[in-house]
Number of protein chains: 2
Amino acid sequence: MGKYHHGDVRNVLLQQAETILTDEGPSGLSLRRLARLTGVSEAAPYRHFDGKDGILAAVAIAALERFAAQLEAVADTTEQHEERIMALGAAYVRFAVENPQHFRLIFGRERPPLDQYPELRDAADNAFDVLQRAVTSVDRKAEMTLAEAASAYNRALAAWSRAHGIAMLVIDRMIVPPVDQDLSDFVLGLLAEDLTIPEST
Amino acid sequence: MGKYHHGDVRNVLLQQAETILTDEGPSGLSLRRLARLTGVSEAAPYRHFDGKDGILAAVAIAALERFAAQLEAVADTTEQHEERIMALGAAYVRFAVENPQHFRLIFGRERPPLDQYPELRDAADNAFDVLQRAVTSVDRKAEMTLAEAASAYNRALAAWSRAHGIAMLVIDRMIVPPVDQDLSDFVLGLLAEDLTIPEST
DNA sequence: CTTTAATGTTAACAAAGTTAACATAAGAAA
DNA sequence: TTTCTTATGTTAACTTTGTTAACATTAAAG
């Protein structure tokens, strides 16, 4: 009975972990259950990953790479600067809504410690670099004064935190986007919203 | 030996749970450890709470009440509408920074299900009502047209999500507030930041 | 004083993460 | 080919946790 060495267990485990995580989130992912579902012994995953955090890190890295790629695609296809900021915000929220568990894994407390998984740290840094480059228009940085650069950085933080807040509140169902409106339009509306007091007529 | 009935175990448990949660977060709070630290048998907490979720719910309710009280205090002492929105945002972030674990408990996945703890749901509803009332200036609602009311609601969502995003990214250390600046000033700066493109000089 | 409800206790169970000890397969070295 | 080593699996154990059941004691109601 060739139960030993059934091929690339590592990838099958990762794939299965991806499925479980999508359905039940990081805390619902049990290594033992994962092993059983994969049809392998309960200790087998430890041959391929550094325990549970190791698997979560691997899934998080893959998620961050998809996230970064989607953001970059949007940034690359949007010429106008302001428009690009908005489009990035919408893409950011869209990723969160379409991949809530992955989004939570990327940002939440279940994320393995960055300093123990250098590749995870790199993946995270890269994704946020994409954001920041796109928002601060790095291609013009050479011409910027210090004050301009500082202002650009603040604008990046503002844009990021707005998108992040919307994403979080939506996936936590504290905010329910209107069903009769496109998600992007809803997000763009919130991003563009101006908090200064409207003129009293 | 009067080991039985040492007084109000419930409150001692709650207090101890509060301490543990502050240090280690909801997932670090183990019922058994809590019982041991409290000097009571490991099953005793079940006499006073509906399991782990019950304790978390109790802590979350208390936290939400403090949260709401702090927001309300700020809302009440700020006259000007725009200024009030900003001040609320700063207070929102301040609570998160000063009580990161409680903030996470209120919003995160470890929060017990609202539909199983009606008091928790009430506490949450109340806190967000305080926010929304303050932002939409409910005292003028009678004079509003439908369009104005919709716009006010959108402004409330925008303000909320901005504060929430800053709060989350700061407590997750994705954003590190400048050490040489007051936290509120930093937050107010981000809230006021305008994403429209700056004039090219 | 008796009865009962509240509150504690100990003991057990299942599930999870993890590690150790052992088994087998595959490939390198002889 | 035969042997040695490494990678990969397996089983079995240990610890911690959440939870419940069965039993004990106290406080209060009747």
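In the text below, chain A, chain B and the rest are named by the order of the sequence lines, each starting its count at 1.
If you check dT10(D), dT19(D), dG17(C) against the side chain of Arg47(A), the one that comes closest is dT10(D). Here dT19(C) is the nucleotide among dT20(D), dT19(C), dT18(C) with the atom lying nearest to any side-chain atom of Ala43(A).
For the pair Glu42(A) CD and dA12(D) C1', the interatomic distance rounds to 11 Å; values are reported in whole Å. Asp8(A) places its CG atom 17 Å from the P atom of dA7(D), with the value rounded to the nearest Å. Following rounding to the nearest Å, Tyr46(B) (OH) and dT17(D) (P) show an atom-to-atom distance of 11 Å. One atom, CZ of Arg33(B), and another, C1' of dG18(D), lie 15 Å apart when rounded to the nearest Å. Between the CG atom of Leu56(A) and the P atom of dA16(C) there is a distance of 15 Å, given to the nearest Å. Regarding Ile20(B), its CD1 atom lies at a distance of 13 Å from the C1' atom of dT17(D), rounded to whole Å. A straight line from CG of Asp53(A) to P of dT19(C) spans 12 Å, rounded to a whole angstrom. The separation between Leu37(B) atom CG and dT17(D) atom P is 10 Å, rounded to whole Å.
Remark: Arg36(A) is not in phosphate contact with dA15(C), judged by side-chain N or O atoms under 4.0 Å from OP1 or OP2. Contact check, His48(A) against dA7(D): no side-chain N or O comes under 4.0 Å of OP1 or OP2. Distances shown here put a side-chain N or O of Ser30(B) below 4.0 Å from the OP1 or OP2 atom of dT17(D).
With the nearest nucleotide of DNA chain C identified for both Lys52(A) and Arg32(B), Arg32(B) has the one nearer the 5' end.
Comment: Asp76(B) does not engage Arg84(B) in a salt bridge, judged by the lack of any side-chain N to carboxylate O separation of less than 4.0 angstrom. A salt bridge is absent between Lys52(A) and Glu110(A); no separation between the charged side-chain nitrogens and carboxylate oxygens falls under 4.0 Å.
Between Phe128(A) and Phe107(A), the distance from one ring center to the other falls under 6.0 angstrom.
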Writing each nucleotide of DNA chain D 5' to 3' as (, ), [, ], | or . by Watson-Crick or G-U pairing under 3.5 Å yields ||||||||||||||||||||||||||||||

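Contact of the His102(B) side chain with the Thr22(B) side chain is registered, since non-hydrogen atoms from C-beta on lie closer than 4.5 Å.
Heavy atoms of Ile55(B) sit nowhere under 4.0 angstrom from any nucleic acid atom. Counting non-hydrogen atoms under 4.0 angstrom, Arg10(B) reaches nothing in the nucleic acid. Contacts of Leu29(A) with the nucleic acid, taken as non-hydrogen atoms under 4.0 Å apart, involve only primed sugar atoms and P, OP1 or OP2.
Using a distance-only test at 3.5 Å, with no hydrogens or angles considered, a donor-acceptor pair links the side chain of Asn99(B) to the main chain of Phe95(B).
Using modelled atom types and a 3.5 Å distance limit, the side chains of Tyr117(A) and Asp53(A) yield no donor-acceptor pair. Residues Arg162(A) and Ser161(B) bring no donor and acceptor atom of their side chains to less than 3.5 Å of each other.
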